[in-house]
Amino acid sequence: MKPRAFSAVQPSGNLHIGNYLGALKNWVRLQYDYESIFGIVDMHAITVYQDPSELQKKTEEIAALFIAAGIDPQHCAIFAQSSVPAHVELAWVLTCVTPFGWLGRMTQFKAKAEQQESVGTGLFVYPVLMAADILLYQAAVVPVGEDQAQHLELTRDIAQRFNALYGETFVVPQTTLPAVGARIMGLDDPTVKMSKSASGSFHAIALLDPPERIHKVIGRATTDTNPAVDFENLSPGVANLLGIFQALSGWNEEQMRGQFGGMNYAGLKKRVSEIVIANLEPIQARYRALVAEQGYLRKVLQQGAQRVAPIANTTLELVKRKTGLYS
Ligand code: ATP
Ligand code: MG
């Protein structure tokens, strides 16, 4: 049997090129090497308020984008987290073995909490629910963007602590980051990572953005006052644009330097816009066909949940036995 891969996206906004390059593209590449499970983690999304009338729609939209980006729903399970209650049950057990101080060190909590008027406890303990998502499937690898590396380390620590306390139970997962594109930065502010939940209309390129908007947002991207691309002196904004191009083209350093060294920023932005549009157009066309098919996405998500629930429940039963919970 193949080892398992697990990863997920929150239905907390519009999927962007950071999600694509940091996560989805790698999932597509790895999908057949593993028994692959991809979640749409709505329980995570509600750690920050979500419009209830939008959340279900977003969940199906993201399922469609997974498939449109190249995930094969015949081979991989695609499911909504809230359809499999074992995630939340395991999360509670893991919360009990996670020292408070470990969560206090999570940098993403600090960044997200700053943006909220009122911070729900769920936002603080969310990395434990993420650990449960992964450990429930005994995943060997977790392909994510670089911003999730700290949460993955925590997942490993939690798995090891549980195994030490109660005996070998969980596979300790490996983090898989893409070589290029692991951290795409905001186009309006290249000192922060591109995020679905960030405000600002010039922050991100969404996977469903039309070409005109892509030209406009990349055209407005923050650069610097230098006249042209100087590889010995790259500002974060220019490095980010080059990183997007490199991740989409698969070019090596030499090709990048040869093509872009000395090019003015208008030229660079034009090339980046063109390659983004060329990569997104086929995804958008497949997306439109998928959403037009009545009931298809619901079926994919239901079948996905049916496939993963027995795996999740087997792990949960094992955990209950190990911890002495009555069952
Ligand atoms: P939110 O702002 O709601 O947290 P997000 O954009 O961070 O949204 P997530 O659903 O949290 O997206 O993450 C989904 C996947 O995308 C994860 O694997 C994450 O590491 C990856 N990812 C998110 N942002 C980026 C980015 N800017 N660059 C590369 N990968 C990213
Ligand atoms: Mg995130």
Side-chain angles (χ1 to χ4, degrees), residues 5-30 36-51 54-55 58-59 61-63 65-66 69 71 78 80-81 106-116 119-120 122-123 126-127 129-130 133-134 139 141-155 173-200 203-208 217 221 236-237 239-241 243-244 246-248 276:
F6 176 90
S7 199
V9 167
Q10 307 186 56
S12 50
N14 296 324
L15 281 202
H16 51 74
I17 54 170
N19 301 132
Y20 177 65
L21 294 173
L24 264 175
K25 199 165 185 275
N26 229 3
W27 302 359
V28 173
R29 190 173 63 84
L30 296 172
S36 299
I37 301 176
F38 299 120
I40 301 163
V41 285
D42 47 359
M43 289 285 191
H44 284 283
I46 60 165
T47 56
V48 171
Y49 179 80
Q50 304 293 329
D51 180 346
E54 282 292 306
L55 191 57
K58 273 274 162 258
T59 301
E61 177 186 308
I62 289 176
L65 280 169
F66 284 3
I71 298 297
I78 301 173
Q81 182 187 32
M106 295 299 110
T107 55
Q108 201 158 94
F109 170 73
K110 291 172 199 157
K112 281 202 175 176
E114 275 169 13
Q115 296 164 13
Q116 304 301 316
V119 179
L123 191 62
Y126 128 90
L129 179 57
M130 176 167 158
D133 299 338
I134 296 163
V141 299
V142 186
V144 285
E146 201 245 11
D147 66 297
Q148 292 300 329
Q150 192 186 33
H151 290 157
L152 255 298
E153 263 321 298
L154 180 82
T155 300
Q174 297 296 322
T175 311
T176 307
L177 299 180
V180 189
R183 188 176 186 82
I184 303 297
M185 308 307 281
L187 292 165
D188 55 348
D189 178 0
T191 65
V192 298
K193 84 159 191 83
M194 189 177 282
S195 285
K196 269 186 255 110
S197 56
S199 53
H203 172 76
I205 302 285
L207 297 187
L208 295 175
V217 174
N240 191 36
L241 290 171
I244 293 169
Q246 189 172 11
L248 288 170
V276 170

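We count ligands from 1, going down the list as the structure has it; atoms in each ligand are counted the same way.
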Side chain proximity check, His44 to Asp133, heavy atoms < 4.5 angstrom: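 Heavy-atom side-chain distance check passes, below 4.5 Å.
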
Any side-chain heavy-atom pair of Val28 and Ile71 under 4.5 Å: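 Side-chain contact under 4.5 Å: yes.
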
Any donor-acceptor pair under 3.5 Å from Glu146 side chain to Ala182 backbone: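 Answer holds: no.
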
Val48 backbone acceptor or donor facing Gln50 side chain under 3.5 Å: yes

side-chain contact (heavy atoms from CB on, under 4.5 Å) partners for Val217, two or more places apart: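 With neighbours one apart ignored, the set is Leu187, Phe202, Ile205, Arg213.
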
Phe38 and Trp27 aromatic ring geometry - parallel, tilted or perpendicular at 30°/60° bounds: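 Aromatic pair Trp27/Phe38 classed parallel.
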
Under a 3.5 Å threshold, I'd like every N/O contact between ligand 1 and protein atoms, with atom names and distance.
unit_1   : atom_1 : unit_2 : atom_2 : d
ligand 1 : 2 (O)  : Ser197 : N      : 3.1
ligand 1 : 2 (O)  : Ser197 : OG     : 2.5
ligand 1 : 3 (O)  : Ser12  : OG     : 2.6
ligand 1 : 4 (O)  : Gln10  : NE2    : 3.4
ligand 1 : 4 (O)  : Lys112 : NZ     : 2.6
ligand 1 : 6 (O)  : His16  : NE2    : 2.7
ligand 1 : 6 (O)  : Asn19  : ND2    : 3.3
ligand 1 : 6 (O)  : Lys196 : N      : 3.0
ligand 1 : 7 (O)  : Lys193 : NZ     : 2.6
ligand 1 : 8 (O)  : Lys196 : NZ     : 3.1
ligand 1 : 10 (O) : Gln10  : N      : 2.9
ligand 1 : 10 (O) : Lys196 : NZ     : 2.6
ligand 1 : 11 (O) : Gln10  : NE2    : 3.2
ligand 1 : 12 (O) : Asn19  : ND2    : 3.1
ligand 1 : 12 (O) : Lys196 : NZ     : 3.0
ligand 1 : 16 (O) : Asn19  : ND2    : 3.1
ligand 1 : 18 (O) : Gly145 : N      : 3.3
ligand 1 : 20 (O) : Gly145 : N      : 2.8
ligand 1 : 20 (O) : Gly145 : O      : 3.4
ligand 1 : 20 (O) : Asp147 : OD1    : 2.6
ligand 1 : 24 (N) : Lys193 : NZ     : 2.8
ligand 1 : 24 (N) : Met194 : O      : 3.4
ligand 1 : 27 (N) : Ile184 : O      : 2.7
ligand 1 : 27 (N) : Met194 : N      : 3.4
ligand 1 : 27 (N) : Met194 : O      : 2.9
ligand 1 : 28 (N) : Ile184 : N      : 2.9
ligand 1 : 30 (N) : Gly18  : O      : 3.1

